[in-house]
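So the structure is just underneath, and the comments pick up after that.
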Amino acid sequence: GSLTKRGEADRPIEIEMTTVDDYCAAQSISRVDLMKVDVEGAELLVFRGAERLLSSKEAPIIMFETDEVLTARFGSSSALIKTLLQQYGFEFYRYTGDRLEPVAVNELHRKQEDLFALKPFQIERHQLLQRLC
């Protein structure tokens with residue numbers, strides 16, 4: 001599925017959407033430990049709609065997929081996504097099989113890649129993350 005029109009779709013389907021922040025408020029969710037975000041290029045929309053959660057002192061660890069082709073469908077890019085998350089206090093890493101390797105905000109991702117967004121307090125709090133970094 002996709003939130004953008006694709007060539008093979010003959011008619012749109014309308015769906016109701018909400019933001020992560022509004023959903024958490026409506027469901028009385030006060031804390032999220034981990035977010036896995038794989039929305040085929042719409043990551044910037046998700047993260048904009050989670051500003052309260054992601055800028056909080058108890059923000060979740062984020063695992064998200066990014067890809068320049070998919071993000072371009074939404075007028076976005078991996079750099080724009082990472083820039084927004086950086087404004088919330090996150091740093092970026094890729095898992096290489098035995099460690100977490102830092103990823104630059106301006107690095108391009110020409111094929112789908114899973115990244116981790118972490119805040120420094122999360123690394124300090126979790127021994128496993130300390131060993132991987």
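The shortest distance between side-chain heavy atoms of L80 and T71 does not fall below 4.5 Å. Two residues are said to be in side-chain contact when any heavy atoms from C-beta on lie closer than 4.5 Å; V46 and M35 meet this criterion. Annotation: side chain of E40 is in contact with side chain of D38 (closest heavy-atom distance under 4.5 Å).
The shortest heavy-atom contact between D98 and L132 is O-CD2, 3.5 Å. When all heavy atoms are compared, the tightest approach of S55 to E51 is OG-O, 2.6 Å. Shown here for E68 and S77, the closest heavy-atom pair between the two residues is OE1-CB, 3.7 Å. Closest of all the heavy-atom pairs between E91 and P120 is OE2-CG, 3.9 Å. Across all their heavy atoms, C133 and I123 have their closest contact at SG-CD1, 3.9 Å.
Both L118 and Y95 are members of a single hydrophobic cluster when ILVMFWY side chains are connected at heavy-atom separations under 4.5 Å. Hydrophobic clustering (side-chain heavy atoms under 4.5 Å, transitive across Ile, Leu, Val, Met, Phe, Trp, Tyr) groups L44 together with L115. V103 is not connected to M63 by any chain of hydrophobic side-chain contacts under 4.5 Å among Ile, Leu, Val, Met, Phe, Trp and Tyr, and they are in different clusters. At a threshold of 4.5 Å between side-chain heavy atoms, the hydrophobic network of Ile, Leu, Val, Met, Phe, Trp and Tyr places I62 and V39 in one connected group.
Distance CD1/I61 to CZ/R125: 9.0 Å, rounded to 0.5 Å. How far NZ of K82 is from CZ of F90: 15.0 Å, rounded to the nearest 0.5 Å. The line from CD1 of I81 to CZ of F92 is 9.5 Å long, rounded to the nearest 0.5 Å. To the nearest 0.5 Å, the span separating CG on D114 from CG on D67 amounts to 11.0 Å. Atoms NE2 and CZ, on H109 and R94 in that order, are 6.0 Å from each other to the nearest 0.5 Å.
Tested against P60, the residues L34, D33, L53 include a single side-chain contact (heavy atoms from CB on, under 4.5 Å) partner, L53.
In terms of modelled atom types and a separation under 3.5 Å, the side chain of Q87 and the main chain of L85 share no donor-acceptor contact. Side chain of E65 to main chain of E113: no donor-acceptor pair is present (N/O by atom type, distance under 3.5 Å, no hydrogens or angles). The backbone N or O of A59 sits less than 3.5 Å from a side-chain atom of Q122, completing a donor-acceptor pair. Proximity of a side-chain donor or acceptor of K119 to a complementary backbone N or O of L54 within less than 3.5 Å is detected.
Between F47 and Y88, the distance from one ring center to the other does not fall under 6.0 angstrom.
Remark: I29 pairs with Y23, C24, Q27, V32 by the side-chain contact (heavy atoms from CB on, under 4.5 Å) rule, at least two apart or across chains.
Between the side chains of E107 and S78, not a single donor N or O lies within less than 3.5 Å of an accepting N or O.
Enclosure of atom CD in Q127 is not indicated, since only 12 or fewer non-hydrogen atoms of other residues, nucleotides or ligands lie within 6.0 angstrom.
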